[in-house]
Amino acid sequence: MSEKIVIYQVLPRLFGNKRHKNKENGTIEENGCGKFNAFSDKALEEIKKFGYTHIWYTGVLEHATKTDYSQYGIKRNHPAVVKGRAGSPYAVKDYYDVSPDLAENVTKRMGEFEDLLDRTHNAGLKVIMDFVPNHVAREYYSDSREKMIDDLGASDNPNMPFLPYNNFYYIKNEAFAPSFDLCDGEPEPYFEMPAKATGNDCFHAHPSRNDWYETIKLNYGVNYFTGERCFDPTPDTWMKMCGILLYWAAKGVDGFRCDMAEMVPVEFWHWAIAKVKEAFPDIIFIAEIYNPGIYRNFLSYGNFDYLYDKVGLYDTLRAAVRCETPTSNITYCWQQLEGIQEKMLNFLENHDEQRIASDFFAQNAMAGIPAAIVSATMNTNPFMIYFGQELGEPGMEKEGFSGLDGRTTIFDYWNLDCITRWINNGNFNEKMLTDSEKEIRRFYATLVPLLNGEKAIREGSFYDLMWLNYENPEFDSTRQYAFLRACGREVIMVVANFDTQDTVITVNITDEVFDFLHIESEQKHRTVNLLNKQDREEYFSKNIKVSIAAQSGKILKYKF
């Protein structure tokens, strides 16, 4: 049986933090921090029971932080080049180690992570972790690598802006001098001479607060000063980064979400992913990528298994929820991806995006229901939920570095109150949830199991019904979206209503559709709405009338 990948993305730093009251910009002592062991057997059992197949532990790698772990032999970071108290998980400080924040016993942190891998696998879940290939923390230093492995930058010639065997890019004869204070409360300012290029392709010594100033760009053999691409002999950075992938794969990681993959040359991915898959054939690679013009190249030549569908489906669904675009534009999303739709990762929330329930998106979680139905069910490709999404987390707190922006912080020590109340001291129940949290959780608890429980959704064909209903006076193609999923003698019709009003619509279906489905028209069948299990006898006909609530949807199953 084929499996539709369903990912639960979770930030361990927040997941198991039991502190109910947090202080803006609070320290780890003031605000607390979640640990690996918060993912107990019971927790993972509940996550698996919800219908997930994979869990993406976000922020596992050791990254720059303002918390001082020097007593454990971990070099202290200068606070001027750390974002937030906890630090960005994407400013990796040691590719061969895990965050000490997440360990009960810092000296045994890797063992605690390995135990988490075992528990996760025993629960029937696969593990995804971040691979951050484009940039590292400004003070990168690996104290956990094997001694025979040279550290990044250790053999560089810093007097040359670019050399194929250098790991970093250098700004010749200039010190790092951004447009902000480099002391940040310390008696001595942060000093870097010569300056290294900043992670967001900032090839000068003066990044701003809006740049990725806490990171330095890795050199994969591309001379950004001349455009020359030097890949023969194999660049040193390629070999070091491939070794890192193999290191984590050997520990049992089942997949990598590759941060800003398009900022790394596709030639590296072609080479490295093939090498990793030669040793670990079942491992998966997901690319965070935002340029549709290179999608097919990163799949066919770059060897990626899946790509983010952000600038297509996510952006369109968000705009449809906010009444900024007609729902008919959803059709253009899959048309533009013709032939690679099954390779796209669908989502409505992740750590980079604003929460559905935030004031910046939809103001309430229930408004996202029609978008969630479409995103989850329209094809066989993976679907992802960000922890707290299933509880309507609004992300409307001013935690620290990122401010009040509708997102859940990745930079600060904080507590996600709705998750803490669902965990409920290890009981994992609804007892402490509000009515609105229970309502949205029950919706997702019904939707997610359908993705693998229904064969037509898991592996069936897709048929868009919008072209038959553009001129249908009983169907608003600007506020509703409808399609079919079919497998064998089972047909599922999905109808989503993005409107703020209840409505009754008629979905037109033609002989061409019946031929496509290999069924006869005008037959009466037992029909079940899979979202509430209500069933009745109904004709699967050329004009199907559907009553549908505001900002809602139906998943109607017909068995022939």
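Residue numbers run from 1 in the order of the sequence given.
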Do Y413 and T67 get their side chains close enough for a donor-acceptor pair, meaning under 3.5 Å? yes
Distance col, row R13:CZ vs T409:OG1, nearest 0.5 angstrom, shows 7.0 Å
Answer yes if the ring centres of F231 and H270 are under 6.0 angstrom apart, and no otherwise. no
Reference residue L218; test side-chain contact (heavy atoms from CB on, under 4.5 Å); the match among N134, N166, V136: V136
Check: H204 side chain, C202 main-chain N or O, donor-acceptor pair, under 3.5 Å: no
Between E349 and R355, does at least one N-O distance fall below 4.0 Å, as a salt bridge requires? yes
Does this structure show an ion pair linking E437 with R421, if we count only N-O contacts that are shorter than 4.0 Å? yes
Could you grab the distance from atom CZ of F36 to atom CD of E114, nearest 0.5 Å is fine? 10.5 Å
Listed by chain and number, what are the side-chain hydrogen bond (donor to acceptor under 3.5 Å, both in side chains) partners of T234, not counting sequence neighbours? none
If we count only N and O atoms by modelled type, under 3.5 Å, do the side chains of E174 and H206 hold a donor and an acceptor together? yes
May I ask you to say whether E30 pairs ionically with R85, meaning some side-chain N is under 4.0 Å from a carboxylate O? no
Taking 4.0 angstrom as the limit, do D352 and R407 come out as a salt bridge? no
Check this for me, if you would: do R209 and D211 make a salt bridge, where the nitrogen-to-carboxylate-oxygen distance has to be below 4.0 angstrom? no
